[in-house]
Amino acid sequence: MVQASEGKFYALLIAVQDYKDPSIQSLDGPVKDAALLASALKTGYTFDAENVITLNNPDRTGFLTLLTH
């Protein structure tokens with residue numbers, strides 16, 4: 001386990017596995033993988049839970065809304 005001595009850490013995890021475009025095949029693992037990474041950051045590193053944000057299959061509006069607030 002790595003511990004930092006100072007500061008806060010932030011993570012924005014974006015998991016896209018379902019695509020609206022039928023020519024792009026959907027994936028099986030991104031949402032699950034992002035959840036596992038978020039859990040690891042919160043439990044094994046010095047990330048506070050409120051500083052780890054996960055977007056699952058965001059659309060453009062949701063993504064831009066998050067970035068502008």
Side-chain angles (χ1 to χ4, degrees):
M1 180 164 68
V2 177
Q3 293 290 325
S5 59
E6 295 181 25
K8 290 187 176 191
F9 296 93
Y10 298 84
L12 172 58
L13 308 175
I14 302 169
V16 178
Q17 69 182 33
D18 300 321
Y19 296 94
K20 292 179 182 179
D21 185 337
S23 68
I24 302 173
Q25 182 179 0
S26 291
L27 304 172
D28 293 328
V31 169
K32 182 178 81 170
D33 292 344
L36 290 170
L37 178 56
S39 178
L41 292 174
K42 294 179 225 177
T43 60
Y45 298 89
T46 56
F47 284 77
D48 294 330
E50 64 271 12
N51 296 338
V52 178
I53 298 169
T54 303
L55 294 178
N56 294 321
N57 295 306
D59 60 10
R60 179 179 172 84
T61 302
F63 181 76
L64 292 175
T65 299
L66 176 72
L67 292 179
T68 59
H69 284 85

Worksheet item: Do Q17 and N57 touch side chain to side chain, with heavy atoms closer than 4.5 Å?
Response: yes
Worksheet item: Taking all non-hydrogen atoms of both residues, which atom of V16 and which atom of L27 are closest, and how far apart?
Response: O-CD1, 4.1 Å
Worksheet item: Near Q25 CD, under 6.0 Å, is it more than 12 heavy atoms from other residues, nucleotides or ligands?
Response: no
Discussion item. For residues L12 and L64: do they belong to one hydrophobic cluster (side chain heavy atoms under 4.5 Å, members Ile, Leu, Val, Met, Phe, Trp, Tyr)?
Written reply: yes
Practice prompt. Decide whether L13 and L66 are clustered together by the hydrophobic rule: side chain heavy atoms of Ile, Leu, Val, Met, Phe, Trp, Tyr closer than 4.5 Å, transitively.
Written response: no
Discussion item. Consider side-chain contact (heavy atoms from CB on, under 4.5 Å). Of N51, T46, D48, which one does F9 pass it with?
Written reply: T46
Worksheet, complete the sentence: Applying side chain to side chain donor-acceptor pair (under 3.5 Å) to N56 and not counting sequence neighbours gives none
In a table with atom names and distances, give each donor-acceptor pair under 3.5 Å that connects a side chain of residues 30-42 to protein atoms at least two apart or in another chain.
none

Discussion item. Under 3.5 Å, is there a donor on one side chain and an acceptor on the other for T61 and D59?
Written reply: no
Worksheet item: Distance from I24 atom CD1 to D18 atom CG, nearest 0.5 Å?
Response: 12.0 Å
